[in-house]
Amino acid sequence: MEKTASAGAQTRGDGGPALLFENLVGFPGVFLASNFLGARQRMASLLDCPPDQLMETYLDKKNRAIAPVVARTAPCQEVVHSGPDLDLRRIIPVPTYHERDAGPFVTAGVCLAGRSMGIHRLMVKGPKRLGIFLANPPLSDYLADAEAKGEPLEIAVAIGVDPALMLASVVKANPDGPGKIEIAGGVAGEPVELVRALTVEVMVPARAEFIIEGRILPGVREPEGPFGENTGYYFENISPVLEVTAITHRTEPIYYSIQPWGAECDQLLTVAAGSESLGRLRQVQPKVAGLELVPGTCTFSAVLSVRGASRSEVKEVIRTYLEIDRRAKQVIVVDDDVNIQDPREVSWAVATRCQPDRDVLIVSDLAGYVIDPSAVGGKTSKIGIDATRSPGPEHDKIRVPEGAMTRAREILDHS
């Protein structure tokens, strides 16, 4: 992540501009960046594909995983902070995002332990102390294993990494397949360079902007939050505690921040979580043509398109999707003549192709997702809507003749 990326601040798209802040008060020589992947077009630039082919391209690149290599140099360790005077609050400009947040939170920290990594929120609790919310495996499993032995879990947090690595960190990697570091290499088209951390036995991205090294203390839990989560609501927890042993960074580092419940979260989750669900779904439901996660819903709501599916097959698609994605609560299924990236067309399909007493499926008493504020006693219900067309030409979608559309595009291109 280079400071020349500040040019991205002039690039606007569906998710707003990429931002680079200079002259941070109290942090001379440190920059803050955000929303580099917040627009679909910028995510498409990362994957080198058209904006409507993000998931397909990611699935292809994921299958071309590239193993990491040991770096010859370590820009992430140009400056080292350790010892009794270590105070992360004076080194890293961690923002506070919302009026009721309990304090500053690291939101784009790629947490590395064992053979895996993931983005987990971290609450600044003191000069060498972070609360860490570990709801998802494998890092939560690593901690459980360490605690069973009465040992701390050594961990490193990389901030300001290659966007390919950030994207790979939020996918669900198959334990029997390539790891997330290897997937990041496939997305980038080149191996991730790693270097050993200085105070813990963890390999870290050599070209990260900041590295926080430390140990998650065994058996220690403290209040963490409230924090404005990706659901758009505050969430607090009793969470593990990370004790910081060192901080390293580049000479003029860029601190990277993800705005919770923002456009960048939507893009990361759409490509990472959405493509994983799409790939699994197609293995058992080959008539599925595409998937789109609804922005702002924390992947709870999705739209699927199918090609040539009967109503009974659509019901099976709904059941399968709600089973394979534990976050999913609502799914709408449409035909492939509907643009699933256009909310107007999806709403049109629901309004004109769905009869609620025939086409709505509700499933009750399922395990809810941990940050879903509507779950009752940890339980949730889910809904699927069949908005596919009935057979017959009277149910065909109206179309402008292709020749007229071609002529219109030519006129626009020359105007």
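As the structure is a prediction and not an experimental result, all values here were calculated from the model.
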Summary of salt bridge (charged side-chain N to carboxylate O under 4.0 Å, His left out) pairs that have at least one residue in residues 91-113, sequence neighbours excluded: none
Check: F133 ring centre within less than 6.0 Å of F235 ring centre: yes
Closest heavy-atom pair and its distance - E147, V220: OE2-N, 4.4 Å
Donor-acceptor contact below 3.5 Å, side chain N230 vs main chain C298: no
Contacts of E316 that satisfy side-chain hydrogen bond (donor to acceptor under 3.5 Å, both in side chains) - sequence neighbours left out: R319
Minimum-distance pair of heavy atoms, taken over all atoms of R282 and V288: NE-O, 3.4 Å
Between T199 and T245: side-chain donor-acceptor atoms closer than 3.5 Å: yes
Working for salt bridge (charged side-chain N to carboxylate O under 4.0 Å, His left out), residues R215 and E151: CA-CA 9 Å; R215 298 176 177 87; E151 299 174 352; over 6 Å; no
Within residues 109-138 or reaching into it, pairs that qualify as salt bridge (charged side-chain N to carboxylate O under 4.0 Å, His left out) - sequence neighbours excluded: R121-E224, R121-E229, K125-E222, R129-E222
Least distance between heavy atoms, D359 atom then R353 atom: OD2-O, 3.7 Å
Contacts of D87 that satisfy side-chain hydrogen bond (donor to acceptor under 3.5 Å, both in side chains) - sequence neighbours left out: R89
Positive for side-chain hydrogen bond (donor to acceptor under 3.5 Å, both in side chains) with R389, one of D335, D396, T352, D337: D396
T270 versus Q267, side-chain donor and acceptor atoms under 3.5 Å: no
Presence of salt bridge, E292 and R40, under 4.0 angstrom: yes
Ring geometry between F210 and H249 (parallel below 30°, tilted from 30 to 60°, perpendicular above 60°): tilted
Rounded distance [0.5 Å steps], CE in M43 versus SG in C49: 9.5 Å
Check: E182 side chain, A67 main-chain N or O, donor-acceptor pair, under 3.5 Å: no
Atom OH of Y234: over 12 foreign heavy atoms under 6.0 Å: yes
Chi angles and distances behind the side chain to side chain contact (heavy atoms under 4.5 Å, CB included) call for V195, Q77: CA-CA 9 Å; V195 65; Q77 294 173 349; 4.0 Å; yes
Nearest heavy atoms of L47 and K61, plus distance in Å: O-CE, 2.9 Å
side-chain hydrogen bond (donor to acceptor under 3.5 Å, both in side chains) against K172, all qualifying residues, sequence neighbours excluded: none
SB check R409 D413 (cutoff 4.0 Å): no
Closest approach of N339 to V346 (non-hydrogen atoms, all atoms of both residues): O-CG2, 4.0 Å
Nearest-0.5 Å distance that lies between atom CD1 in I385 and atom CG in L361: 10.5 Å
Spatial distance of atom CG (L88) from atom CG (L122) [nearest 0.5 Å]: 10.0 Å
Atom of S257, atom of S34 and distance for their closest heavy-atom approach: O-OG, 2.8 Å
Enclosure of R399 CZ (heavy-atom neighbours >12, cutoff 6.0 Å): no
Exam field: side chain K287 to backbone G308, donor-acceptor pair closer than 3.5 Å: yes
Qualifying residue, where the test is side chain to side chain contact (heavy atoms under 4.5 Å, CB included) with K329 and the options are I383, L366, T297, D372: D372
Straight-line distance of I211 CD1 to H81 NE2, nearest 0.5 Å: 13.0 Å
Partner of V284 by side chain to side chain contact (heavy atoms under 4.5 Å, CB included), out of T320, I324, V317: T320
Nearest-0.5 Å distance, CG of residue L139 to CG of residue L153: 6.5 Å
Interatomic distance, R90 atom CZ to L86 atom CG [nearest 0.5 angstrom]: 11.0 Å
Partners passing side-chain hydrogen bond (donor to acceptor under 3.5 Å, both in side chains) against T231 (at least two apart in sequence or in another chain): none
T107 side-chain N/O to I258 backbone N/O, donor-acceptor pair under 3.5 Å: yes
T299 versus Y369, side-chain donor and acceptor atoms under 3.5 Å: no
